[in-house]
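The structure appears below as structure tokens.
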Amino acid sequence: MISRRRFIQAGLVLATLPKQMVLASGRFFRNTFQVPKLETGKRVGRDVYFDLNIQAGKSSILPNKITPTLGINQGFLGVTLFANKGDKVHIKVKNTINKTTTLHWHGMKLPAKADGGPHQPIAPDKTWKTEFDIIQDAATLWYHSHQLHKTGEQVYNGLAGMFIVGDDKSKKLNLPLEYGVDDLPVIIQDRDFNSNGSFSYLSSMMDSMRGMLGNTVLVNGVMNPVLKAKKSLLRLRILNGSNARTYHLSFNYNRPFYIIGSDGGLLEQSIKVNTLRLAPAERVEILVDVSDGGTPILQHTAVQESSGMGGMGMMSGMMGNNDKNMNIFRIDATQALKSNRSIPKTLVKHNNPQKLAVSKQRRLVLQMQMGPKMMFGGDAFSINGKTMDIDRIDEVVKAGSTEIWHLENTSMMPHPFHIHNVQFKIIARNGRIMGHELGFKDVALVHPREHVSVIMKFPKFRDAKTPYMYHCHILEHEDRGMMGQFVVI
Ligand code: C2O
Ligand code: CU
Ligand code: CU
């Protein structure tokens with residue numbers, strides 16, 4: 001009781017109240033939903049030029065506090081980049097912060113030199129120029145820092161934004177398509193704060209073991225936002241931009257919604273669901289019908305310890321279960337105008353790699369090593385027994401070939417596994433395949449003792465010297481060794 005009163009005095013009432021009371025309070029959502037500025041670049045024919053500035057900012061996220069942040073063309077997080085399939089983008093990235101960083105185009109099929117991974121660092125005051133053709137279909141991609149051993153910290157501070165790819169096929173589908181009106185980016189991230197308002201990062205050993213989990217959830221950098229819906233049918237492009245938290249998303253009162261897209265673009269068919277699991281770095285596009293003029297809340301429901309840690313009682317006991325129910329944001333549709341958009345049943349046809357001849361299969365075992373390194377820092381997470389070494393090429397892939405990778409998790413934590421430069425299909429798993437996992441993916445969540453097999457056709461970019469990465473997208477695991485490199489030749 002005493003500690004609870006102390007919480008209330010500290011202004012953290014909501015954290016200690018039971019969930020129902022939070023839900024009942026409309027005033028909980030008092031901040032305006034922020035739509036990141038749309039940046040379409042300067043266009044000359046099919047060439048599109050972007051000027052990006054990695055910068056430091058001071059943001060007001062908490063009431064009466066200033067949080068030092070990082071952003072791209074703004075103080076916190078990045079502007080939303082937009083380009084079409086068939087465009088050639090030319091991107092200049094200027095680093096005006098006093099740390100070396102990178103910008104990686106997550107989910108993009110592109111030459112290794114343009115990838116923006118750890119091999120393309122941008123020193124302070126330097127500018128990185130890159131260009132690539134957009135060869136893939138419409139999709140919700142993103143971009144973020146990929147600085148070796150610093151990705152977690154830099155993304156946490158704000159170096160992440162959305163990158164939307166458009167194409168003609170998707171424009172014909174009568175889906176909501178007006179950015180900021182009925183087509184909205186929703187970047188979900190959890191953060192912890194120090195009492196002076198600054199972000200708190202890795203304040204405990206647990207943070208760096210299970211990955212950084214924050215107690216406050218932000219949407220596009222804002223806490224408790226309310227989105228005043230302008231239209232009765234909304235398309236939400238949800239990006240889990242969190243360092244480590246997997247969300248189990250649903251609307252209150254079980255409002256159904258429709259999944260139309262996954263990491264790699266639109267699904268073949270829309271799927272009606274009530275809930276959805278989104279691991280770090282995963283994206284999903286959903287349609288929400290708010291023509292009832294309601295005020296639904298998107299919420300995260302905590303998983304029970306048994307399932308959250310894959311049934312490993314010892315692990316969850318040791319690490320504590322930091323998961324909790326969270327209200328993410330509210331939609332206020334009381335003023336929404338009737339939309340003339342629809343919820344299509346069929347969307348786009350996929351070129352399924354399942355139909356192609358497989359030239360190679362690989363096995364990647366995701367591991368964690370208990371012991372002093374795990375406890376006191378260092379490379380405690382590995383793939384096939386190896387921790388990340390920027391001078392070692394782990395796998396060599398033939399350009400244009402189709403491969404199956406078998407991901408096996410022998411550790412006690414789930415790992416959202418990501419591969420650069422491809423969009424794969426999940427073809428087998430000894431757990432449950434979720435709705436959006438029927439689409440093209442660049443991240444697959446692998447639970448403890450799970451085997452997930454993915455199939456993909458590698459694009460035809462060849463570069464024997466510059467590798468792409470594959471890694472766990474719990475950024476603290478990536479930073480602590482759970483990453484490997486492949487070249488395409
Ligand atoms: Cu989202 Cu290797 O990246
Ligand atoms: Cu990536
Ligand atoms: Cu991991």
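Each ligand, and each atom within it, is numbered from 1 in the order the structure gives.
- In this structure, a donor-acceptor pair under 3.5 Å is present between the side chains of Ser59 and Thr69.
- Taking 2.8 Å as the criterion, His146 counts as a coordinating residue of atom 2 (Cu) of ligand 1, since one of its N, O or S atoms falls below it.
- For the pair Lys88 and Phe132, the cation-pi test (distance below 6.0 Å, angle within 45°) is failed.
- Taking atom 1 (Cu) of ligand 1 as the corner point, the angle from His106 atom ND1 to His473 atom NE2 is about 100° (rounded to 10 degrees).
- Aromatic pair His471/His146: ring centres closer than 6.0 Å.
- When the N, O or S atoms of His415 are ranked by distance to the Cu ion (ligand 3), ND1 comes first.
- Contact annotation: His144 places an N, O or S atom under 2.8 Å from atom 1 (Cu) of ligand 1.
- Take the N/O/S atoms of His471: the one nearest atom 2 (Cu) of ligand 1 is NE2.
- His106 and Tyr143 have their aromatic ring centers separated by at least 6.0 angstrom.
- Ion pairing between Arg237 and Glu285 holds under the 4.0 Å rule for side-chain N and carboxylate O.
- Taking 2.8 Å as the threshold, His477 counts as a candidate ligand of the Cu ion (ligand 3), since one of its N, O or S atoms lies below it.
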